[in-house]
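Starting from 1, each residue takes its place in the sequence as its number.
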Amino acid sequence: MLASPHGIKALDRVVHYQEQEVKGRVTDDQGQPLSGVTVALENSVIATSTDMEGNFTIRLSGQNGRLKFTSLGFQEKFVDVIAGQSYQVNLLADNENLDEVVVIGYGTTKKRDLTGSVTSLKQDDIVRSPASNALESIQGQVPGLEITRNSGSATSGISMNIRGKRSLAKAEGANSPLVIIDGMQGGNIADIHPQDIASFDVLKDASSTAIYGSQGANGVIIVTTKRGQNGKPRVNYNTYLGMNGWALYPEMRTGDAYINLRREAAKTAGQWSTPEDDQTLFNAGEWTALNNNQWVNWKDEVFQTGFVQNHQLSVSGGNANTQGMLSGGYYKELGSFKNDNLSKYNLRLNVDQTINDFIKVGTTSQITHYDGNTRADNVLWRASTNVPLGTVYDDAGKVVLWPLGREGKVSPLADELSEYTAQHQLVNTNLIANGFVELKPFTGFSFRSNFGANLSFNKNNNFDSANSIDRAGEFPDSKASIFNNDRKFLNWDNIVNYTVPLNEDHNLAFTGLTSWTKGRTTTSYLEGTGQLVEEQLWHNLSANDKDSYIIRSGFIQSQTFSYALRANYSFKGKYLLTVSNRWDGASRLSKDMKWAAFPSVAAAWRVSDESWFKTEKISDLKLRVSYGQTGNSGISEYGTQSGLLGYSNAAFQDQGFVYYAYNTLLGNENLGWERSAQWNIGMDMNLFSNRINLVVDLYDTKTTDILLPRTLPTSMGSGNNTPFQIYQNIGSTRNKGIEVVLNTKNLDKEFKWSSDFTFGANKEEITELIDGRDIIGATTRETESLLIGRPLQSFYTFKRLGIWQESEADEAARYFKDQAKTQSFKPGDIKLADLNGDNIIDDVNDVTYIGTTSPRWTLGFNNTFTYKNFDLNVYALARWGQMMEYDFTASFDPQGKGNSPAYLNYWTPENQSNDFPRPNLTNFYNYLGYQSYNYVDGSYIKLKTITLGYKLDKDLLQRAKLNGVRFYVSGNNLFSWAKSEFVQDYDAERGGSAKSPLLRQFVFGVNLDF
């Protein structure tokens, strides 16, 4: 048989490639194979990883080369190799974990070489407790990173900030950290399944974040997702099923407790003396229900037990040139109310391709689709405050719209009258498409270009019939609306890294980059009322009354462009220096103020590497110090420009016309950057053969030229009857605090016990305002006032001392409620502090700062126990020193006509409580000082999660041809204890709202590795 010349050439290429290959096997110091070890050819883009047996094959660019072997938990190793040979490589365990790779801005570094304040979490930390959003899983594990769930609703989001609030700007995200996903901005962590995440790296100090300039002013969270590895395909399936419900929520008054409050109110007003007078307390419907013993626990009627399920499947693998990972998942949650649900679908593909010795390309793509429904926001609030009497369902089992007749309130179950009575639908689709090309043309030099597009398509569809909870009794007809919000975000980064070839003692590396972003948002809103056919929902808006139409649309666009340089120097690996500067330009700022520079410098000293350091108890000690500046352009996109708005609500002689008025927000051409300067001093230490790891950081951040929209005097005119506002750089703030991370190995034999302790204390304050005086809120003084020397979000109202008692009658009579001194205080009234000593309590001279939403300190405490194949994880957290707006105390009804928690104790001559004033037939807002009940101490300690797991034995896995199987049960939001006696049977992490409490969750899950 004859071979063609083309066939011979192809065969030669195969032989040539085989001659350039190196094979080998990687084991640990016990001879056990190590899988997933990264094997990289030095000074090239060629890399691979070991398979399940520890084997690897890698192609060299010539006849010899140098391979670098890295794996988490093992010391890095370099091996000089020759093509065609086979090698046995042993890696030693790295108990210090100092060679662990940490992702920093536009690059990576070893943990031992860090000069800034960075906390890194790996996959085991992220999937420790089951959650649809990875941020919930890491709550409390990073000191200084405060994470709270917004509500217990299935569609709820997450709020977070790093090292407190420093900006007063009202723009979206003005105090939120920058999120980077696989090197690109603009993504949403909630879109990524926790099982797809390889690491979280949280950059906190200004030295670490300054490379991101203004975008990193509030800290940076870098998310790195899993990618394919060389070797045979690996399949991973994770699933869990569980139940939601059993929320901590107070019991409301019912029976005698409810009747007695109404009696006491009438008694105070002289309208009740004996039970024979009871009929005068109730209207006809209430009296009938009372005589028929028709008590209703509305809270129990609206609550239901929810359900949660999660399924995630991933396949990864590759060869020496091509690696990929494909994952897909489905998540569904049924909340604590009917029609409160969320379905989430995610699909992700990561591909890396090595073209040749110095060119590598890759792509990341993801689509996440959300389909959810929400219940009316006030359904549980109605259930809590409605009269606990009436008929819930009629004889046919249908909801009774007016349980006490038209004299009473609409039923909290009104939206359950039929499938179409009320629907509120959320439909969101988020797309990510990122790509990169990386070049390494010569030793020490690399160039990488990243381009990414994030597209979001969000739609809110709402329909409320005339019988819905939001319209019954208030509006005569239905309402339908559609809101569309579509967003496009583009990001293009070009990064150059160069390591200067020096001797072994000196290491010098440079990073240079350009970064461009562009964001565009388009919105539209359509609304109509009067639709007669409920089943059409929002699908036929033209069926509404023509005169009711509301049509709005909007367009917003902004861009940024940046340059940055960074230099890293190391001498003998123990003296470390990092210097950087970034120049940012933002289109939303005024013409002459668009650009600013943000420098930083950081240094570290590895004391334990000094020859004179002989302390055996300390195996590693590093001291760090850094200083850096960041900025914030946190205003609305057109906040520096004045403009006109058109209005059509005018007519002349029955002929409508459009008129124009100035925007409420006036332009300010002198508006500049908000700037933050931060010092950070840190220490990293390992003790007692690395059984104790301690990290301590002290920081001080000063923010100047704070951005804030100020309301102008009405004498300057108004836009459509609304006072003008203008953005100004109005003042300064300061944040200082301490962060501590303590990791311990308490027991390390067959029974293992390790603990992780995180602590963060932050003090924030406004240090300067534009005219040196407090700015008192114009509309809501209690929550919108800016107070010098106080935190950014303060509560400003009367200082409540308790309730005046009978024994204090003479003293109470010396204080008055009015300037004329005709209304003195008496026992049963709210006792308030007389701050100016004039014996008159008024809302000008006797209001003061009483607290803030910012905690004094936060704490996380995690314990992990393992014995043979069992593992147990117990996680608790605390948030202390903050106040919250508490709906239950704020809504106390002294008339007793509504309802309130049964444990709230009110004053009577026979029960001289110090909690709430004496009931009376008047509204709570007629009590002087009632506002002080809006705010209570929100400090709490919480048992967040307990998880018990079991892994199958290796012999069983081998017979089943599986790589790993783990079963687990987990409980979440298990117990919460609050400091304030006013907060009972309530999870204070919710922040005081009574509308959608956090739910307990119990799940059973399985992790399978094939």
Heavy-atom closest pair (Phe982 atom, Val936 atom, distance to 0.1 Å) is CD1-CG1, 3.9 Å
Any donor-acceptor pair under 3.5 Å linking the side-chain atoms of Asn911 with those of Ser913? no
**Study point:** Plane angle bin for Trp295 and Tyr258 - parallel if under 30°, tilted between 30 and 60°, otherwise perpendicular
**Key:** perpendicular
Worksheet item: How are the rings of Trp381 and Phe888 set to each other: parallel, tilted or perpendicular (split at 30° and 60°)?
Response: tilted
Check: Are the side chain of Asn386 and the backbone N or O of Ala383 linked by a donor-acceptor pair below 3.5 Å?
Finding: no
Q.
Testing the 3.5 Å rule here: is there a donor-acceptor pair between the side chains of Thr767 and Arg734?
A. no
What's the verdict on ring-ring contact (aromatic ring centres under 6.0 Å, His included) for Phe916 and Phe892, showing C-alpha distance, side-chain angles and the deciding distance?
CA-CA 9 Å; Phe916 282 83; Phe892 177 72; 4.6 Å; yes
query = Hey, do the aromatic rings of Phe337 and Phe303 have their centres closer than 6.0 Å?
reply = yes
field: Glu251/Lys299 ion pair, N-O < 4.0 Å
entry: yes
Per ring-ring contact (aromatic ring centres under 6.0 Å, His included), Tyr886 is matched among Tyr933, Phe795, Tyr986 by Tyr986
The salt bridge (charged side-chain N to carboxylate O under 4.0 Å, His left out) partners of Lys942 (sequence neighbours excluded) come to Asp987, Glu989
query = Taking atom types as modelled, is there a side-chain donor on Ser156 or Asn150 under 3.5 Å from an acceptor on the other?
reply = no
Take atom NZ in Lys799; do more than 12 heavy atoms of anything else shown fall under 6.0 Å from it?
no
Heavy-atom closest pair (Asn729 atom, Ile770 atom, distance to 0.1 Å) is O-CD1, 4.5 Å
The complete set of side-chain hydrogen bond (donor to acceptor under 3.5 Å, both in side chains) pairs with one or both residues in residues 919-931, sequence neighbours excluded, reads Gln895-Asn923, Thr922-Asn926, Asn923-Tyr925
